[in-house]
Engineer: 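If you scroll down you'll find the structure; I have some questions about it.
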Amino acid sequence: MSDLKQERAVRTRNQILMAAAELFDEEGYEGASVTRIVKRAGVTLGAMYFHFASKQDLAREVMNAQPYVIEPLLRSTGLQRLVDITLVWAHRLQTDPLLRAGVRLAVEQGRFGMHDSASFEGWKDIMVGHLEVARAEGDLREDVSPEEVAQFVVGACTGVQLYSQLVSGRDDLMERTCTMWRLLLPGIVAPDALPAIVVDPGLVKDA
């Protein structure tokens, strides 16, 4: 495939992914028909099935795209990176359709016959990596397991955003996420490293 054709194929795939995300976010899985997705994307049905085997395959791609929305925006490392991931996530869930759709589909997937933990496990693996960096730097308490912390943070963020969505339409999600960290950090961070970890929504508002 020539570079031009490859670039066009990537652009078409991204158009389909974004159109699907917008509709999944607005209507849920059931309301986002393939016909409506290709119409919004401005592509043919053939193009859709060239890139994605089915609507479920497309939904899976949207769910698993969440880290690619957030990780490129960050420059921090270790524990600070873990905090920043969740703060940017909380901030961008207000406006980013790909992220919003990914979260909605991941939580609602049982309703449309999917039982795919990959998006949760993907986040967990990313977080374990950052926590291992923190451990190497001496920032974690000695008795803390990166695997257990990562599992807890993924589960806690999932629950916090669901609670926030029901109570305030996610208007208070950032506040709740910051509260989560203020409660959690003293239990996982080495005491001398704790003052250096910043939980500040203002630092991620431009992300």
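Only this structure's heavy atoms are used, side chains among them; waters, hydrogens and symmetry mates stay out.
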Engineer: Using modelled atom types only, decide if a donor and an acceptor are shared between the side chain of R75 and the backbone of P72 within a distance under 3.5 Å.
Structural biologist: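 Yes.
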Engineer: How close do L98 and D96 get, counting heavy atoms only, and between which atoms?
Structural biologist: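 Looking at all heavy atoms of both residues, the shortest contact is N-OD1, 3.0 Å.
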Engineer: If you look at every heavy atom in W181 and V199, which pair is closest and at what distance?
Structural biologist: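 Nearest heavy atoms, W181 then V199: CB-CG2, 4.0 Å.
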Engineer: Could you pull out the closest heavy-atom pair between P191 and R141, with the gap in Å?
Structural biologist: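 Here P191 and R141 meet closest at CG-NH2, 4.1 Å.
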Engineer: Mark yes or no for whether Q109, through its side chain, and D116, through its backbone, hold a donor-acceptor pair below 3.5 Å.
Structural biologist: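 Yes, the answer is positive, given that a donor and an acceptor are paired below the 3.5 Å cut-off.
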Engineer: Can any side-chain N or O of Q94 pair as donor or acceptor with the backbone N or O of H91 at less than 3.5 Å?
Structural biologist: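 Flag not set: sc Q94 to bb H91 has no pair under 3.5 Å.
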Engineer: Do M174 and I197 belong together in a cluster built from hydrophobic side chains that touch within less than 4.5 Å?
Structural biologist: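 Yes; I197 is reachable from M174 via cluster members.
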Engineer: Does a side-chain heavy-atom distance below 4.5 Å link L58 with Y49?
Structural biologist: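 They are not in contact (no side-chain heavy atoms under 4.5 Å apart), so the answer is no.
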Engineer: Can you tell me which residue among R100, M63, E108, K55 is in a side-chain contact (heavy atoms from CB on, under 4.5 Å) with F24?
Structural biologist: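 Output: one option passes, namely K55.
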Engineer: Does a side-chain N-to-carboxylate-O contact under 4.0 Å join K124 and E148?
Structural biologist: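 No, no charged N to carboxylate O under 4.0 Å.
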Engineer: Please report the shortest heavy-atom distance between G187 and V144, naming the atom on each side.
Structural biologist: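 Nearest pair, atom of G187 first, then V144: O-CG2, 3.9 Å.
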Engineer: Let me check something: do Y163 and M180 share a hydrophobic cluster, defined by ILVMFWY side-chain heavy atoms less than 4.5 Å apart, either directly or through other members?
Structural biologist: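 In one cluster: no.
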Engineer: Who passes side chain to side chain contact (heavy atoms under 4.5 Å, CB included) against D125, sequence neighbours left out?
Structural biologist: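 Checked D125 against side chain to side chain contact (heavy atoms under 4.5 Å, CB included); zero matches.
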Engineer: List the steps and the verdict of side chain to side chain donor-acceptor pair (under 3.5 Å) for S164 and D172.
Structural biologist: CA-CA 6 Å; S164 175; D172 65 355; 2.6 Å; yes
Engineer: Looking at CG of L93 and CG of L99, how far apart are the two atoms once the value is rounded to the nearest 0.5 Å?
Structural biologist: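 Interatomic distance, L93 CG to L99 CG, rounded to 0.5 Å: 4.5 Å.
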Engineer: Any sub-3.5 Å donor-acceptor pair from S117's side-chain atoms to E121's backbone N or O?
Structural biologist: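 Absent.
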Engineer: Can I get a per-line list of side-chain donor-acceptor pairs under 3.5 Å for residues 14-22, giving both atom names and the distance, sequence neighbours left out?
Structural biologist:
unit_1: N14; atom_1: ND2; unit_2: V10; atom_2: O; d: 3.4
unit_1: Q15; atom_1: NE2; unit_2: A41; atom_2: O; d: 3.0
unit_1: E22; atom_1: OE1; unit_2: R40; atom_2: NH1; d: 3.3

Engineer: Are Q56 and Y29 packed together at the side-chain level, in the sense that at least one heavy-atom pair is separated by less than 4.5 angstrom?
Structural biologist: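 Contact flag for Q56/Y29 side chains = yes.
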Engineer: Does F152 have any ring pair (Phe, Tyr, Trp, His ring centres under 6.0 Å) partners at least two apart in sequence or in another chain, and if so, which?
Structural biologist: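 F152 satisfies ring pair (Phe, Tyr, Trp, His ring centres under 6.0 Å) with no residue once adjacent residues are dropped.
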Engineer: What heavy-atom pair brings H130 and I85 nearest, and what distance separates the two atoms?
Structural biologist: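 For H130 versus I85, the nearest heavy atoms are CD2-CD1, 3.7 Å.
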Engineer: Look at the side chain of R135 and the backbone N and O of L140, then say whether any donor-acceptor pair between them is shorter than 3.5 Å.
Structural biologist: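 Here the side-chain-to-backbone pair does not exist.
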Engineer: Would R104 and D25 pass as an ion pair if we require N to O under 4.0 Å?
Structural biologist: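 Answer for the salt bridge query: no.
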